[in-house]
Amino acid sequence: MPPFLPSSRRNFLVGLGRFAAAAPVAGLLPAGAFADDGAKAYCPPPSAWTDLARKVSGGVLRPDDPFFGDVCRPNNLRYVATLPAGIARCVTAQDVQACIAWVKQQGMPFAVRSGGHNYAGYSTTPGLLIDMTKMAGAELIPGSDGLVRVLGGTLNNLVYKQLERLGRTITHGRCDTVGAAGFLLGGGIGFNMRKWGVGSDLLRATDLVTADGSLVNATAERDSSLFWACRGGGGGNFGVNTAFTLQTQPVSTVTVFNLTWTKDLPRVLRLLLTELASAPDDFGSKISVTIPSLSERCDKVGTTLSILGQLHPSKTTLKEIFKSTWELADHRTVKEDVAYWAGQDFLTETTYPYFYQEKSSYMRAADISEEAIAAMFDWAAKMPGTSMPSAFKFFQVGGAINRMGPTETAYVHRGFDWLFSVEANWWRPTDPVALVDANLDWQQNFYADVNRRTKAVGAFQNFPDPSLADWRSAYYGENLARLSQVKQAVDPGMLFTYPQAIRPA
Ligand SMILES: Cc1cc2nc3c(=O)[nH]c(=O)nc-3n(C[C@H](O)[C@H](O)[C@H](O)COP(=O)(O)OP(=O)(O)OC[C@H]3O[C@@H](n4cnc5c(N)ncnc54)[C@H](O)[C@@H]3O)c2cc1C
């Protein structure tokens, strides 16, 4: 996840669906032609767009719509140049079915979009963007024991608002504008995961429109392999998920904290990574080593070490959990026993779109040696740097995640203590291409060296990395074969595809 960015929240302008039937569409070329950047342009006749607009309740946006650019902008601006030919704003599952029939009829590529936060731009397309954000809502299922039904395009902020009203929660992330769909389908990590598992461990059912156009309700009993695949198999692989049923948990208060250290960083990091691994499951944390931007370096800002997290009501105190690192901290901000959702306001991440690439892997505390930590700081000192700070981070896993076996759901990464990730962040046109490339090389080498020294393996499918060669085994490990079988059963023709899509068996 990108670092905290002290900026105002980016509010997307979301316009009503509109369709200019007869107007010539700026930037579109005759069918089969290629746009300036070499990408193929897709140009169905105006009558086909009119036909689609009639069938999709939220309307269809074309490139001449004033809101088009805002609606289709991805969070990672690396992929902002891939503009769709049109945006279908789905409100119902039937709208999605109409889109699937239409793209098949037109032979047009498409991508499904909820929050648009895919790191690798896999929810961008030169064809039809199936925008799910109007299909939003989260409701308690009457008579159930805390089951909540979340519609397929709901952003996390709406889910949280509803959960707050109910006095309940799930395993959720820190960024309000991530889509629930992408988050849940790729596993979904957050500070509650050691207590209740990753987000997809709390999934009890999902509705999805599959490649043949049917609307399926998949559960552990019905279409069980498809349901299994939706619990960590990654978004955009098996269909368009139009609803999710989640088991929520009651919450009251929580203690939240942010601690920073400025001295003896390698020693403190080693202590944190080894000592915190035995913390109770009520404890959740993320450690960040932040590497300053080029301008911060001119102002003599150094590398910093911090930890952000929470503790549910527990017999063990924070001081007991942190052991020796507690007294070594330069700054400790602790908000004790605050209302759960007020505590989440303290932990919330506010970002706006920029340029980035992230690489991740999973580690066991016992494999993280003093030498490995020293090497991480040596690498940090060698980062060429950009106009933005970057970080390497450790998300604390373990607890309930490890009480499920790797093949029980498609989320295979069980048995680890830390999810490691390293960012490269930049801005255009401030950072020249050669500087960005130097930072991406640095990131590649740092990642390979850290993985070798710590025996780290795998990669988090919700942090997709377009530069990862062995992404199939890294994201899915021993679950890849079954995922390919599910793909063969529901989408043998690869209607749903992107560069790192699961292939049929
Ligand atoms: C600022 C930021 C903070 C983040 N914080 C966290 C965090 O705390 N925890 C965490 O686990 N991850 C986090 N992530 C990663 C995030 O969970 C994943 O990138 C997730 O896949 C994004 O989902 P989305 O719906 O926003 O993105 P999209 O780009 O809309 O979708 C992601 C993928 O899912 C597909 N998809 C979207 N909607 C559907 C649907 N309804 N049915 C089927 N497929 C669909 C898309 O085609 C794409 O392949 C963060 C990412 C960012 C940029």
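As the structure lists them, so they are numbered: ligands from 1, and atoms in each ligand from 1.
When only interatomic distances are considered, the shortest N/O to N/O separation between T177 and ligand 1 does not fall below 3.5 Å. At a 3.5 angstrom cut-off on N or O pairs, V112 counts as close to ligand 1. Checked against a 3.5 angstrom limit, the closest N/O atoms of F463 and ligand 1 fall outside it. Residue contacts with ligand 1: N118 is placed with a nitrogen or oxygen under 3.5 Å of a nitrogen or oxygen of the ligand (distance criterion only). Below 3.5 Å of separation, one finds an N or O of S114 facing an N or O of ligand 1. Taking only nitrogen or oxygen atoms, main chain and side chain alike, V178 does not reach within less than 3.5 Å of ligand 1. Taking distance alone, with nitrogen or oxygen atoms compared against 3.5 Å, I189 approaches ligand 1 more closely than that limit.
Comparing heavy-atom distances from atom 43 (C) of ligand 1 across G239, G182, P464 singles out G239 as nearest. In this comparison of T133, V209, N462, the heavy atom closest to atom 18 (C) of ligand 1 sits on N462. Counting only non-hydrogen atoms, the option in C175, G236, A180 that gets closest to atom 44 (N) of ligand 1 is G236.
Using cut-offs of 30° and 60° for the angle between ring planes, the F392 and F394 rings count as perpendicular. Ring pair H413/Y362 is parallel by interplanar angle, where below 30° counts as parallel and above 60° as perpendicular.
When ring centroids are compared, F346 and F257 stay outside the 6.0 Å threshold. Aromatic rings from Y356 and Y119 are positioned such that their centres are separated by under 6.0 Å.
Every atom of ligand 1 is numbered from 1 in the order shown, and the set under 4.0 Å from a heavy atom of R113 is 30 (O). Interface atoms of ligand 1 facing G173, defined by a heavy-atom separation under 4.0 Å, are 7 (C), 8 (O). Heavy-atom proximity to H117, at under 4.0 Å, picks out these atoms of ligand 1: 1 (C), 2 (C), 19 (O), 22 (C), 24 (P), 26 (O), 27 (O), 28 (P), 29 (O), 52 (C), 53 (C). The distance from ligand 1 to the heavy atoms of G152 drops below 4.0 Å at these ligand atoms: 41 (N). In summary, the atoms of ligand 1 found under 4.0 Å from a heavy atom of G188, numbered by their order in the structure, are 11 (O). Of all atoms in ligand 1, numbered sequentially from 1 with element shown, those under 4.0 Å from a heavy atom of G116 are 24 (P), 26 (O), 27 (O), 28 (P), 29 (O), 30 (O). Close approach to G179 involves these atoms of ligand 1, each under 4.0 Å from a residue heavy atom: 23 (O), 24 (P), 25 (O), 26 (O). Interface of F460 with ligand 1, defined as ligand atoms under 4.0 Å from a residue heavy atom, comprises 11 (O).
The closest approach between a heavy atom of A111 and any atom of ligand 1 is not below 4.0 Å. For the pair G186 and ligand 1, no heavy-atom separation below 4.0 Å is found.
Using a 4.5 Å cut-off on side-chain heavy atoms (C-beta onward), T454 and F420 make no contact.
No donor-acceptor pair closer than 3.5 Å links the side chain of N76 to the backbone N or O of G121. The main-chain N or O of R364 is never found under 3.5 Å from a side-chain atom of D417 such that the two would form a donor-acceptor pair. Looking at Q162, its side chain does come within 3.5 Å of a backbone N or O of A138 through a donor-acceptor pair. In this structure a side-chain-to-backbone donor-acceptor pair under 3.5 Å is present from N237 to I502. Judged purely by atom type and a 3.5 angstrom limit, E358 has no side-chain atom pairing as donor or acceptor with the backbone of S421. Put simply, the side chain of T219 never gets that close to the backbone of A205: no donor and acceptor are under 3.5 Å apart.
Residue contacts with ligand 1 for E349 involve side-chain atoms from C-beta outward but no N, CA, C or O (heavy atoms, distance under 4.0 Å). Contact annotation: for Y498 versus ligand 1, there are no heavy atoms closer than 4.0 Å. Residue contacts with ligand 1, taken as heavy atom pairs separated by less than 4.0 Å, involve R174 solely via the backbone atoms N, CA, C and O. At a 4.0 Å heavy-atom cut-off, ligand 1 touches Y356 through the side chain alone. At a heavy-atom cutoff of 4.0 Å, ligand 1 is contacted by the side chain of N75 but not by its backbone. Proximity of N76 to ligand 1, defined as any heavy-atom pair under 4.0 Å, is not found for any part of the residue. Residue A181 touches ligand 1 through its side chain alone, judged by heavy-atom distances below 4.0 Å.
Using a 4.0 Å cut-off between a side-chain N of Lys or Arg and a carboxylate O of Asp or Glu, E423 and K393 qualify as a salt bridge. Using a 4.0 Å cut-off between a side-chain N of Lys or Arg and a carboxylate O of Asp or Glu, R403 and D201 do not qualify as a salt bridge.
In K335, the NZ atom is not crowded: 12 or fewer heavy atoms of neighbouring residues, nucleotides or ligands sit closer than 6.0 Å.
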| message | Between F395 and F460, does the ring-ring contact (aromatic ring centres under 6.0 Å, His included) criterion hold? Intermediate values first, please. | response | CA-CA 11 Å; F395 300 86; F460 183 27; 8.0 Å; no

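N479 and Y411 share no donor-acceptor pair across their side chains, judged by distance under 3.5 Å alone.
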